[in-house]
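What follows is a short report on a single structure.
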Amino acid sequence: MNFDYLHPADQIIRMIERIYRYGMTTTSGGNLSILDENGDIWITPGGVDKGSLGRADIVRVTSDGRIDGRHKPSSEFPFHQAIYRSRPDLRAIVHAHPPSLVSFSIVRRVPNVGMLPGEREICGEVGMADYALPGSDRLGANIARVFAEGKHAVMLENHGVVVGGTTLMEAFKTFETLEFCARTEILARRIGTPRAIASELLEKARIEEPPTLSEFEPDRIPTDEREARRDMCELIHRAYEQRLFTSTQGTFSVKLGEDRFLITPHGLDRKILSPEDLVLIDRGRAEKGKSPSRSALLHRRIYERQPHIRSVLVSHSPHVMAFAVTERKFDSRTIPESYILLRSLPKLPFLSVYEDAEGTADRFTPDVPVAVVENNCVIATGNSLLQAFDRLEVAEYSAKSIIEAEGLGAIAPIDEASIRELEEAFRL
C-alpha cells in the first residue's frame, strides 16, 4: 500500500489511529494536518476523541479560510498555518504528547539523536520553541520561528513536540524516531551515562557502508520461499507491535539455501511490509528493483561462516539499546530462560559491523547466539526464524527487567554453580 495515494482525510485517520494505539497521544491531545495541492489544510478536529475518529470528522480549512466539516478544526490550527507559511517545503505536520518527549519538554531539553547511527539522519537537528498559551498566535509564531531555521522537529517547552515533513508518513517517521531516542535516553540514564557516537566513528561507518549489489530477476518463486516470505512478514509486524522495531529500523533475514536468503528492504515501513516487499539475495545479487537492508553483507557473512544459523535479526529495541549506549554490561544471568537463550551476550565494538563483517560473523558460534553492538544494535541469531525472534524478545524483556530492578535493590544474578547446572541440564 502506497500511503501517499490515500485521500488526506484517510491518511490522517490511519496515522492518528497508529499514534493513539501506541500510547503516543491521549484522547484529547495531539493534532495532525496535511496541506494539499490546492492550499487547503486538512486537520484533526478539536474536542473529539482521538480513539474513535472517522474520516468524516476530519476538517478542511480552505485557502480562503472557509471551514468545511462537521466540527471545528483543532485549537492548535494557528501554529499549523504558521508553520506552512514559514516553510513552503512542508506538506504535513504531526503534533502529539508522547510521555518520553513530554519528559524532555518539561525539563526543557532536546533528546540526544546522536546515540545510534541512523537517528540523526532521520531527525536532523532538533529545535526548542519557547512556551506560550496553547492555541495562541504567539505559540504559532514561536514554533514557526524555529521551523524557519530549517529544522523538521521542534520540541515545545512544557508541551510536547511538533514535526513537519514533505508527506505525513515522513513526518511520522521523524516523530516516531525522536520518541524512540527520548525513550532510549531515559532508560539509559537509569543504568549509566549515555554516550553519543564520536563523529570520526560515524564517518568511518559511512565510508564502510556496503556497495550497491548487482541485480537479478528471479524466474520463479518456490513454495518454501513463499512460506518464508509469509512467516517473515507475520513476525516483522509482531516485532513492530511490540515496539522491538520502529517504522524505519529493524532487519529480519532467513536462509533459504546455499548463499541464498530473504531480507527486509531498506527504508520501507515495517508495520505494513508485505511478502512481495522482501528482497531475495542470491549469491550476492539482489532481487531486481528492490533495495535490501544495508546490513545484507553482514547477514551473508554470518550465513557463510556459521552453518548452524538459519535466521538473523538486527534490532534497536529500546531496553537493550540502553545497554548499547552506556558502559553497562548486559548480564543474562537473571532467570534460567534468559541465560539458556542468550548465554554470555558479548558487547561488540561499534565499527565491527562495518569494518569487519567476517570477524563479527565469527563471533556467532553456537554458544554466542546474541550480541550487543556498541551504539548500534542487538543481533539475534537462531536455527529458525522463530528461535531468533524468541531470543530477540527475551533479550528485550530481560533488559527491561534489569532496568526496572534498579529501583528495587541490588540485583542477585544466578550463581556459578547454578549456571553449570543449567548448562549440564540443557546441554549448553
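Quick caveat, the model's predicted, so the values are computed rather than measured. We count residues from 1, following the sequence as given.
- Here the closest non-hydrogen pair linking Gly118 and Gln249 is CA-NE2, 4.1 Å.
- Although no hydrogens or angles enter the test, the distance criterion places a donor-acceptor pair under 3.5 Å between the side chain of Arg226 and the main chain of Ile221.
- Within the 4.5 Å cutoff, the side chain of Thr251 has no heavy atoms near those of the Leu313 side chain.
- For Gly160 against Val102, the heavy-atom pair with the smallest separation is CA-CG2, 4.4 Å.
- Contact record, Thr166 with Asp89: CG2-O, 3.7 Å, taken as the closest heavy-atom pair.
- The aromatic rings of His299 and Phe261 sit parallel, their planes meeting at an angle under 30°, below the 60° perpendicular limit.
- A salt bridge links Glu203 with Arg206: at least one charged nitrogen is closer than 4.0 Å to a carboxylate oxygen.
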Under the salt bridge (charged side-chain N to carboxylate O under 4.0 Å, His left out) rule, what do Arg55 and Asp10 come out as? Steps first, then yes or no, please. CA-CA 6 Å; Arg55 78 184 310 273; Asp10 294 315; 2.8 Å; yes

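- Within the 4.5 Å cutoff, no side-chain heavy atoms of His7 are placed close to those of Gln11.
- With no hydrogens or angles considered, no side-chain donor-acceptor pair links Glu179 and Tyr22 at under 3.5 Å.
- Legend: residues meeting side-chain contact (heavy atoms from CB on, under 4.5 Å) with Glu327, ordered by chain and number and at least two apart, are Arg195.
- Residues passing the side chain to side chain donor-acceptor pair (under 3.5 Å) test with Asn112: none are found, sequence neighbours excluded.
- The backbone N or O of Glu170 sits less than 3.5 Å from a side-chain atom of Thr174, completing a donor-acceptor pair.
- Tested against Leu53, the residues Ile16, Ile12, Leu32 include a single side-chain contact (heavy atoms from CB on, under 4.5 Å) partner, Ile16.
- A donor-acceptor contact closer than 3.5 angstrom is absent between the side chains of Glu76 and Ser74.
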Assess whether side chain to side chain contact (heavy atoms under 4.5 Å, CB included) is satisfied between Arg301 and Thr360, documenting all intermediate values. CA-CA 9 Å; Arg301 294 291 177 259; Thr360 300; over 6 Å; no

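- The nearest pair of heavy atoms linking Cys181 to Met115 is O-CE, 3.8 Å.
- Comment: Glu17 does not engage Lys50 in a salt bridge, judged by the lack of any side-chain N to carboxylate O separation of less than 4.0 angstrom.
- If you take CE on Met169 and OG1 on Thr248, they are separated by 11.0 Å, rounding to the nearest 0.5 Å.
- In this structure the side chain of Val94 reaches within 4.5 angstrom of the side chain of Leu168, judged on heavy atoms.
- Looking at Glu217, its side chain never comes within 3.5 Å of a backbone N or O of Lys288 through a donor-acceptor pair.
- Residues Ile340 and Leu428 meet the side-chain proximity criterion, which asks for heavy atoms closer than 4.5 Å.
- Other residues, nucleotides and ligands contribute over 12 non-hydrogen atoms within 6.0 Å of the CD atom of Glu423.
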Evaluate the salt bridge (charged side-chain N to carboxylate O under 4.0 Å, His left out) criterion for residues Glu304 and Arg300: first the C-alpha distance (whole Å), next the side-chain angles of each, then the deciding distance (0.1 Å), finally the verdict. CA-CA 6 Å; Glu304 285 176 347; Arg300 187 184 184 202; 3.5 Å; yes

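- By the neighbour-count criterion of 12 heavy atoms within 6.0 Å, atom NZ of Lys400 is sparsely surrounded, having that number or fewer from other residues, nucleotides or ligands.
- Results of the salt bridge (Lys or Arg N to Asp or Glu O under 4.0 Å) test with Asp269 over Lys173, Arg14, Arg18 single out Arg18 as the only residue that passes.
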Dump the intermediate steps for side-chain hydrogen bond (donor to acceptor under 3.5 Å, both in side chains) on Ser291 and His266, then the final yes or no. CA-CA 6 Å; Ser291 178; His266 172 67; 5.8 Å; no

Test Arg229 against Glu287 for salt bridge (charged side-chain N to carboxylate O under 4.0 Å, His left out), laying out the working first. CA-CA 14 Å; Arg229 287 177 181 269; Glu287 193 175 350; 3.1 Å; yes

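- Put simply, the residue from Arg328, Arg190, Arg189 that forms a salt bridge (Lys or Arg N to Asp or Glu O under 4.0 Å) with Glu406 is Arg328.
- Note that Arg109 lies outside the cation-pi zone of Phe104, set by a 6.0 Å cut-off to the ring centre and a 45° limit from the axis.
- Residues Asp362 and Arg305 are paired through a salt bridge, judged by an N-O separation under 4.0 Å between the basic side chain and the carboxylate.
- The aromatic ring centroids of His95 and Phe79 lie less than 6.0 Å from each other.
- Counting heavy-atom neighbours within 6.0 Å of Glu404 CD, excluding the residue itself, gives a total above 12.
- The side-chain heavy atoms of Leu392 and Asp390, taken from C-beta on, include no pair separated by under 4.5 Å.
- Annotation: Phe252 is in aromatic contact with Phe245 [ring centroid separation under 6.0 Å].
- Using a cut-off of 4.0 Å between Lys/Arg side-chain N and Asp/Glu carboxylate O, Arg60 and Asp40 are scored as salt-bridged.
- Under a 3.5 Å cut-off, the side chain of Arg87 and the backbone N or O of Phe147 do form a donor-acceptor pair.
- Checked by atom type and distance alone, the side chain of Asp57 pairs as donor or acceptor with a backbone atom of Gly54 at under 3.5 Å.
- At least one donor-acceptor pair closer than 3.5 Å links the side chain of His237 to the backbone N or O of Leu273.
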Arg270 vs Ile236, test: side chain to side chain contact (heavy atoms under 4.5 Å, CB included). Steps then yes/no. CA-CA 7 Å; Arg270 271 48 178 167; Ile236 289 166; 4.2 Å; yes

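- A heavy-atom distance below 4.5 Å is not found between the side chains of Arg260 and Lys255.
- Asp415 contributes a side-chain N or O that, together with a main-chain N or O of Ser418, makes up a donor-acceptor pair within less than 3.5 Å.
- Between the side chains of His159 and Ser105, no donor-acceptor pair is found at a separation under 3.5 Å.
- Residue Glu258 qualifies as open at atom CD: its count of foreign heavy atoms under 6.0 Å is 12 or below.
- Looking at Asn376 and Val353, their side chains come closer than 4.5 Å, going by heavy atoms from C-beta outward.
- Other residues, nucleotides and ligands place no more than 12 heavy atoms under 6.0 Å from the NZ atom of Lys204.
- A salt bridge is absent between Arg243 and Glu176; no separation between the charged side-chain nitrogens and carboxylate oxygens falls under 4.0 Å.
- In this model, a donor atom of one side chain and an acceptor atom of the other lie less than 3.5 Å apart for Ser253 and Tyr303.
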Would Arg230 and Glu227 satisfy salt bridge (charged side-chain N to carboxylate O under 4.0 Å, His left out), going step by step from the backbone distance to the final call? CA-CA 5 Å; Arg230 180 203 63 195; Glu227 183 176 28; 3.7 Å; yes

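- Of the possible polar contacts, one joining the Asp277 side chain to the Ser274 backbone as a donor-acceptor pair under 3.5 Å is found.
- Within the 3.5 Å criterion, the main-chain N or O of Asn383 finds a donor-acceptor partner in the side chain of Gln387.
- In this structure a side-chain-to-backbone donor-acceptor pair under 3.5 Å is present from Thr25 to Gly29.
- Side-chain contact annotation: Thr334 with Tyr339, donor-acceptor N/O pair under 3.5 Å absent.
- Minimum interatomic distance between Glu225 and Leu280 (heavy atoms only, all atoms of both residues): OE1-CD2, 3.9 Å.
- The shortest heavy-atom contact between Arg310 and Gly257 is NH2-N, 4.4 Å.
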